[in-house]
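Some notes on the structure that comes next.
Just so we're on the same page: letters track the sequence lines, and every chain starts at 1. Values below: all heavy atoms of this structure, side chains included; hydrogens, waters and symmetry mates excluded.
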Protein chains: 2
Amino acid sequence: MVTVRDVARKSGFSVGSVSIVLNNAPLARYMSDEAKRRIKEAAHKLGYKPNQFARSLRGIRSHSVGVMVFDVTDPFCTLIIRGIENTLYEQSYLSIFADAHNERSRFERYLEMMLERRVEGLIVVANWLVVDINLLADLERHRIPTVIVARQIQRQSVSSVLVDNENGGRMAIQHLYDLGHRQIAVLRGPKAVEDSGLRWSGIRRFAKSTNLKLDPRLTVDLPDSPDANYSFEAAQHLTADLLQRKLPFTALLAYDDVTAIGAMRALTNAGIRVPEQCSIIGFDDVAAASFTSPALTTVRQPMQAMGATAVQLVSEAIRAGSEKRDFSPVTRLLAPELVVRHSTAIVRR
Amino acid sequence: MVTVRDVARKSGFSVGSVSIVLNNAPLARYMSDEAKRRIKEAAHKLGYKPNQFARSLRGIRSHSVGVMVFDVTDPFCTLIIRGIENTLYEQSYLSIFADAHNERSRFERYLEMMLERRVEGLIVVANWLVVDINLLADLERHRIPTVIVARQIQRQSVSSVLVDNENGGRMAIQHLYDLGHRQIAVLRGPKAVEDSGLRWSGIRRFAKSTNLKLDPRLTVDLPDSPDANYSFEAAQHLTADLLQRKLPFTALLAYDDVTAIGAMRALTNAGIRVPEQCSIIGFDDVAAASFTSPALTTVRQPMQAMGATAVQLVSEAIRAGSEKRDFSPVTRLLAPELVVRHSTAIVRR
DNA sequence: TCCCGAAGTTCGATTTAAATG
DNA sequence: GCATTTAAATCGAACTTCGGG
């Protein structure tokens, strides 16, 4: 292992000078260019890499950010992770990664481990499960910049990044409306999930503004569940039930893509052709959405951008902290985007 | 921050004694039980947590393992990541995570950053892209235990964990054969991907043993590509081409699930019903496989187990290293599993 | 005033050699 | 000499102080 001492010996300067030059410390302006050059050259030749532990021990930056995901298995979050990774990379941060597995105890233990490693910031990807209050209190107790992705939080110290759910809900229903659909079934998400409520209010607002009637008997909720993939089966059953009630509908608006795909399966099984006899629209634009037959029309969440934005927020907050400026947490709502594929069509007359 | 000094003050002993007791060092047997009790109590009361940086600085363990993924976006690797995470968690390791983005330069930079953090071991998830030779040399230069998942490597110092591809290929073809299929199209993976070759040799071996004829005109290769998701489109085109040639086939064996789903789309588009007119079988058992209509029959890779095994191998190697024992790298082949869903059926006469 | 160096201190935990009764 | 405990050195970087030219 090459240390400052080695560089000092090789370059003929003292450890102090080496440290000053290599860190571009204020005192470096008193050093001659020649000295700087020689020191840098020696460092490079020896392949000197400052020991991160020694730096961190001195309370300098740890150059790492904690990334806590609630469920890596959820297809929704892989692109978010890429966005996070990508942007952290650009800013030379390394990420300490943890999959909380939707378990509170894991979350807490990981949080502690991350704090021990002195992460400079924390990004929580809160897919699916409800984040309970105590857990947020945990996040608030420590004083490091925290951003939560895909969930809005009303707290003093935590920023949020998420898609504009209300607007997204509106885009979905409007797309169906524009295609001429008037009898629309809505498969809402679990009641405990806030996203679902927001999307629903976007839907309702649009309906009200256009005098579209949404039959309450055609509006059903997914059950609460800790498993994101379970919603596929649940959606299948709910849709099958819906069909049995013999209430006509020409389109189905689903809470998310997995739900939509489940619904599509139920319709196909019942001999109903998509989109000729029934249109389907999802939400998220998960990878699997383009793999279905027909390919799923959906409202895309800009997941990679969400990840990138999260990193920008923490990194701003970190900078603010180190410069002793204030940084009040913000909520960033990113615009969703309608992706028209082949699961929606003009209504048959 | 509570330090040893605080514990020492509170308990009335010296820092040294505190350290000795709390770490159960050899010298601890000379300390009175009473002293031990009081020290432990004080530490507990103060909520003392040893500073990881200080420990690591002294060359003790860093308690972290690097996890390098070539492409997080690939649905294939999320379950592997979960397996890795899960097992690392059990062993109290924290993971430093990086997404190499299929780029060599990123890989190298991340590798360097990880080494700076003194990761005790390294796990590389080599989905899709070919790992080039130089890169392996990089892995070999440093002396930390390394395991590569999903790729077999003939090197002195790197262990491998992967599915038994050859056997998996055999299982796939045998399933089709058992259903009565004799005219089978095979969509192989890119030539540069070793997995594909191994699966193919399993297929050929089975064919030979049963006198099944595989028409070379029905065997096509996916093009090499840096993007895992591109294979969906490629498979679609290849299958469409195949259909145009008017060579009859009653089943299609695809390199992996994404490929299979692409092929399924092409068949559906051409008005061919799956599985009634053509059976399809995939490989991997990605999440999307159960979402297609009909649900995809496939050969499952035990991805979570692969991740877990990788961790076990590094952790064994780390232990061996710290006890100055030898640990020669091994290759672990995990058994695939046939998952029969609804995309395969008995051949029509 | 400008340029540079030597030496010492700090961070927190571990480990050694040494000192106490 | 023995059982117990402790002071001091160590790890590597960074910053401070003082001092010389």
Side-chain angles (χ1 to χ4, degrees), chain A residues 1-44 46-64 113 115-118 120 322, chain B residues 1-44 46-64 113 115-118 120 322:
Chain A
M1 193 78 250
V2 200
T3 76
V4 261
R5 241 171 290 279
D6 299 320
V7 179
R9 223 189 335 266
K10 173 112 179 175
S11 66
F13 290 90
S14 71
V15 255
S17 305
V18 170
S19 172
I20 286 164
V21 169
L22 260 29
N23 291 292
N24 230 334
L27 277 161
R29 71 197 142 90
Y30 294 135
M31 307 274 293
S32 70
D33 289 349
E34 172 62 13
K36 289 185 195 168
R37 204 191 51 72
R38 271 169 51 201
I39 288 175
K40 281 177 184 164
E41 189 186 297
H44 184 75
L46 293 172
Y48 167 71
K49 291 266 181 285
N51 183 319
Q52 297 297 328
F53 298 120
R55 311 186 101 174
S56 303
L57 181 56
R58 285 240 31 186
I60 321 292
R61 315 186 45 186
S62 73
H63 275 288
S64 48
M113 288 171 89
L115 293 175
E116 276 176 31
R117 306 292 168 108
R118 297 272 205 295
E120 295 183 36
S322 73
Chain B
M1 193 78 253
V2 193
T3 74
V4 261
R5 237 170 293 277
D6 299 322
V7 179
R9 224 189 336 267
K10 173 116 180 172
S11 65
F13 291 89
S14 72
V15 265
S17 305
V18 171
S19 171
I20 286 165
V21 169
L22 260 29
N23 292 292
N24 229 333
L27 254 64
R29 69 200 145 90
Y30 294 136
M31 308 267 310
S32 69
D33 289 347
E34 172 62 10
K36 290 184 193 170
R37 203 191 52 70
R38 272 169 50 203
I39 288 174
K40 282 178 183 162
E41 188 185 297
H44 184 75
L46 293 172
Y48 167 72
K49 292 260 183 289
N51 182 318
Q52 296 298 328
F53 296 120
R55 309 187 102 176
S56 303
L57 181 56
R58 288 246 29 180
I60 321 293
R61 316 186 45 185
S62 73
H63 275 289
S64 48
M113 288 170 89
L115 293 174
E116 277 176 32
R117 307 294 167 106
R118 297 271 206 294
E120 295 183 38
S322 73

N/O to N/O distances under 3.5 Å, protein versus nucleotides 19-21 of chain D:
none

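- Remark: B:L57 CG to A:Q52 CD distance equals 12.0 Å, nearest 0.5 Å.
- Among the protein residues, A:K36 comes within range of no part of the nucleic acid, since none of its heavy atoms lies under 4.0 Å from any strand.
- The side chain of B:Y48 sits closest to C:dA13 out of D:dA7, C:dA13, D:dG12.
- B:S17 comes within contact range of at least one nucleobase, with a heavy-atom separation under 4.0 Å.
- As rounded to whole Å, 17 Å separates atom P of C:dG12 from atom CD1 of B:I60.
- Salt-bridge formation is not detected for the pair A:E41/A:R38: no Lys NZ or Arg NE/NH1/NH2 atom is positioned less than 4.0 Å from an Asp or Glu carboxylate oxygen.
- Atom CG in B:L57 sits about 9 Å away from atom P in D:dA13, given to the nearest Å.
- Looking at heavy-atom distances under 4.0 Å, B:G59 makes no contact with the nucleic acid at all.
- For DNA chain D, the neighbouring residues in residues 19-33 of chain B, judged by any heavy atom under 4.0 Å, are B:Y30, B:M31, B:S32.
- Of the candidate nucleotides C:dG12, D:dA13, C:dC4, D:dA13 has the atom nearest to the side chain of A:N51.
- Here A:F13 lies in heavy-atom contact (under 4.0 Å) with sugar-phosphate atoms only.
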Would you give me the side-chain donor-acceptor pairs under 3.5 Å for residues 17-26 of chain B, sequence neighbours excluded?
{"unit_1": "B:S17", "atom_1": "OG", "unit_2": "B:S14", "atom_2": "OG", "d": "3.1"}
{"unit_1": "B:S19", "atom_1": "OG", "unit_2": "B:N23", "atom_2": "ND2", "d": "3.4"}
{"unit_1": "B:N23", "atom_1": "OD1", "unit_2": "B:R55", "atom_2": "NH2", "d": "2.8"}
{"unit_1": "B:N23", "atom_1": "ND2", "unit_2": "B:S19", "atom_2": "O", "d": "2.8"}

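- The side chain of A:R58 has C:dT10 as its nearest neighbour among C:dG5, C:dT15, C:dT10.
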